[in-house]
Amino acid sequence: MNRDELLEWLTQTDPQRLESLWTRADSVRRQHVGDEIHLRGLLEISSYCVRSCLYCGLRAPNHDLPRYRMSAEDILACVRQAVRLGYGTVVLQSGEDPGLTRDFITDVIQRIKADTALAVTLSLGERDVTELAAWRAAGADRYLLRFETSNARLYSTIHPSLPGRPSDRIALLGQLRDLGYEIGSGVMIGIPGQTYENLADDLEWFGRLDLDMIGVGPFIPHPATPLGQDADRHPIRNQVARSEEMTCKVMALARLICPDANIPATTALATVNRRHGLQRGLMRGGNVVMPDLTPERYRRRYDIYPEKACIQESGPECVDGLEQGIIRLGRRIGRGRGDSTNYLRRQKAIPQKT
Ligand code: 5AD
């Protein structure tokens with residue numbers, strides 16, 4: 001899809017035209033990754049963070065937030081829960097926490113791999129390449145690292161660097177791919193100062209990086225962050241809306257650009273429309289859901305943004321359970337690890353070094 005077409009879709013407001021985008025994305029999804037919806041058990045293993053990202057409630061300067069770090073035993077208990085629920089993957093996610101040491105994470109990965117057949121996805125921020133290599137060698141399968149925006153100016157505004165450590169997530173994604181990880185990335189939609197042109201660039205980057213997983217969600221202002229306090233104060237002319245519809249547009253276009261990628265309907269999307277967000281995401285390109293398996297006592301403190309929807313097996317927000325919802329969409333729950341077909345194709349094309 002060329003850039004003009006991308007921009008045309010991103011700025012499209014005609015409901016009938018948009019309906020045709022949803023239909024096209026849904027049919028490409030069906031042809032390339034089928035009707036299975038893969039469930040990934042999400043474990044938010046630490047809320048400590050050394051960074052000061054302007055949008056995120058976990059930022060280090062937010063001293064009002066009581067922090068936690070799960071023990072290996074706590075993590076493994078949740079992993080067993082994922083197995084009982086029939087999931088094929090656990091995702092270990094955290095703030096950028098040096099307290100999660102290379103050896104601690106290595107040990108956790110090895111124990112998960114020894115006890116279960118689960119795929120392990122890491123989402124632990126920008127870590128040292130030697131750590132990323134050690135975790136891959138210990139058996140980690142996938143790494144998620146959103147670049148949030150490909151616009152250098154906006155990126156550096158919202159991601160103050162640590163002293164002596166320039167932040168370049170796009171470069172790190174290339175290194176993760178070279179280490180043999182399945183790589184996932186994505187952006188927030190509606191960051192203050194983000195234009196349609198920026199989003200078109202982001203989508204082009206998804207294709208260029210040959211992403212295996214693409215997660216996008218609307219920016220949700222958090223009052224304890226700089227961007228949450230003045231989100232709408234100085235709107236620019238081409239400001240992208242932080243809406244459900246914009247998020248669905250980006251999901252649908254991501255599906256057309258990277259037809260074989262795994263694309264989740266994200267918690268942030270479920271948060272901006274609690275009744276229909278997940279379902280719409282799954283009908284407009286999505287094929288993955290990441291239910292939160294973090295124990296309740298910790299989950300409340302993983303305060304990335306306010307009023308975070310909790311996607312669980314059952315509960316008030318999914319009245320008759322996630323599974324029934326999925327079946328009602330005419331889809332079925334994925335079996336097995338749900339590896340990205342994009343990754344499997346790449347592995348076949350590039351014989352592994354032994
Ligand atoms: N609104 C929406 N998404 C957010 N994230 C962080 N803060 C916010 C926010 N205020 C997203 C980022 C990050 C992911 C784990 O959560 O994209 O990569």
Side-chain angles (χ1 to χ4, degrees), residues 40 42-62 65 91-97 100 121-127 142-151 154-155 157-160 167-170 172-173 176 183-194 198-199 202 205-206 209 211 213-232 240-244 246-247 250-251 254 263-274 277 281 288 290 292 294 299 301-311:
R40 323 293 202 195
L42 178 63
L43 293 178
E44 294 153 338
I45 63 173
S46 165
S47 65
Y48 285 91
C49 191
V50 292
R51 312 217 44 139
S52 301
C53 305
L54 265 57
Y55 47 86
C56 180
L58 301 188
R59 65 200 308 269
N62 184 5
L65 185 68
V91 182
L92 308 184
Q93 187 171 88
S94 70
E96 212 164 289
D97 176 13
L100 293 173
T121 303
L122 303 178
S123 178
L124 308 176
E126 294 170 57
R127 302 289 302 230
R142 311 181 185 140
Y143 206 96
L144 299 178
L145 182 70
R146 290 193 185 171
F147 59 76
E148 316 293 0
T149 173
S150 61
N151 181 269
L154 187 56
Y155 183 92
T157 307
I158 64 176
H159 297 113
S167 164
D168 187 345
R169 297 192 183 177
I170 288 185
L172 200 52
L173 284 162
L176 286 161
I183 55 166
S185 193
V187 297
M188 281 185 297
I189 317 284
I191 305 167
Q194 185 182 44
N198 295 158
L199 263 191
D202 296 344
W205 269 105
F206 293 169
L209 287 165
L211 294 179
M213 307 172 276
I214 300 168
V216 299
F219 163 66
I220 300 171
H222 187 307
T225 65
L227 280 189
Q229 280 156 10
D230 56 8
D232 301 315
V240 166
R242 47 174 195 271
S243 65
E244 175 200 340
M246 272 310 298
T247 304
V250 176
M251 287 179 72
I263 301 183
T266 58
T267 307
L269 179 59
T271 300
V272 291
N273 183 346
R274 286 171 189 263
V288 169
M290 297 166 70
D292 196 338
T294 311
R299 199 189 306 142
R301 290 192 263 158
Y302 201 77
D303 186 27
I304 299 185
Y305 49 80
E307 313 288 332
K308 200 167 62 155
C310 183
I311 305 167

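All residue numbers in this chain count up from 1 along the given sequence. Order of listing sets the numbers, starting from 1, for every ligand and every atom in it. Computed from a prediction, not measured in an experiment: that's the story for all the values here.
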Is E126 salt-bridged to R169, cutoff N-O under 4.0 Å?
-> yes

With only distance considered, is H222 within less than 3.5 Å of ligand 1 through an N or O on each side?
-> no

Look only at interatomic distance and state if I220 has a nitrogen or oxygen under 3.5 Å from any nitrogen or oxygen of ligand 1.
-> yes

Give a yes or no answer on whether the side chain of Y55 reaches the backbone of F219 with a donor-acceptor pair at less than 3.5 Å.
-> no

Which of the numbered atoms in ligand 1 are below 4.0 angstrom from a heavy atom of R146?
-> 11 (C), 12 (C), 17 (O), 18 (O)

Going by atom types alone, do Y155 and S167 pair a side-chain donor with an acceptor below 3.5 Å?
-> yes

Considering heavy atoms of the protein only, find what lies nearest to atom 8 (C) of ligand 1 and give residue, atom and distance to 0.1 Å.
-> I304 CG2, 3.6 Å

From the options G57, G217, A268, P218, select the one whose nearest heavy atom is closest to atom 2 (C) of ligand 1.
-> P218

Nearest 0.5 Å please: distance from the CD atom of Q194 over to the CD atom of E148.
-> 10.0 Å

Is a salt bridge present between D232 and R242, judged by a nitrogen-to-oxygen distance below 4.0 Å?
-> yes

Which residue holds the protein heavy atom closest to atom 3 (N) of ligand 1, what is that atom called, and what is the gap in Å?
-> M188 SD, 3.4 Å

Which value, rounded to the nearest 0.5 Å, describes the distance between L199 atom CG and T149 atom OG1?
-> 8.0 Å

Would you say ligand 1 has an N or O under 3.5 Å from any N or O of E148?
-> yes

Can you sort out which atoms of ligand 1 are near C56, meaning under 4.0 Å from one of its heavy atoms?
-> 7 (N)

Within-cut-off N or O pair, Y55 and ligand 1, under 3.5 Å = yes

From N198 atom CG to D202 atom CG, the distance as rounded to the nearest 0.5 Å | 6.5 Å

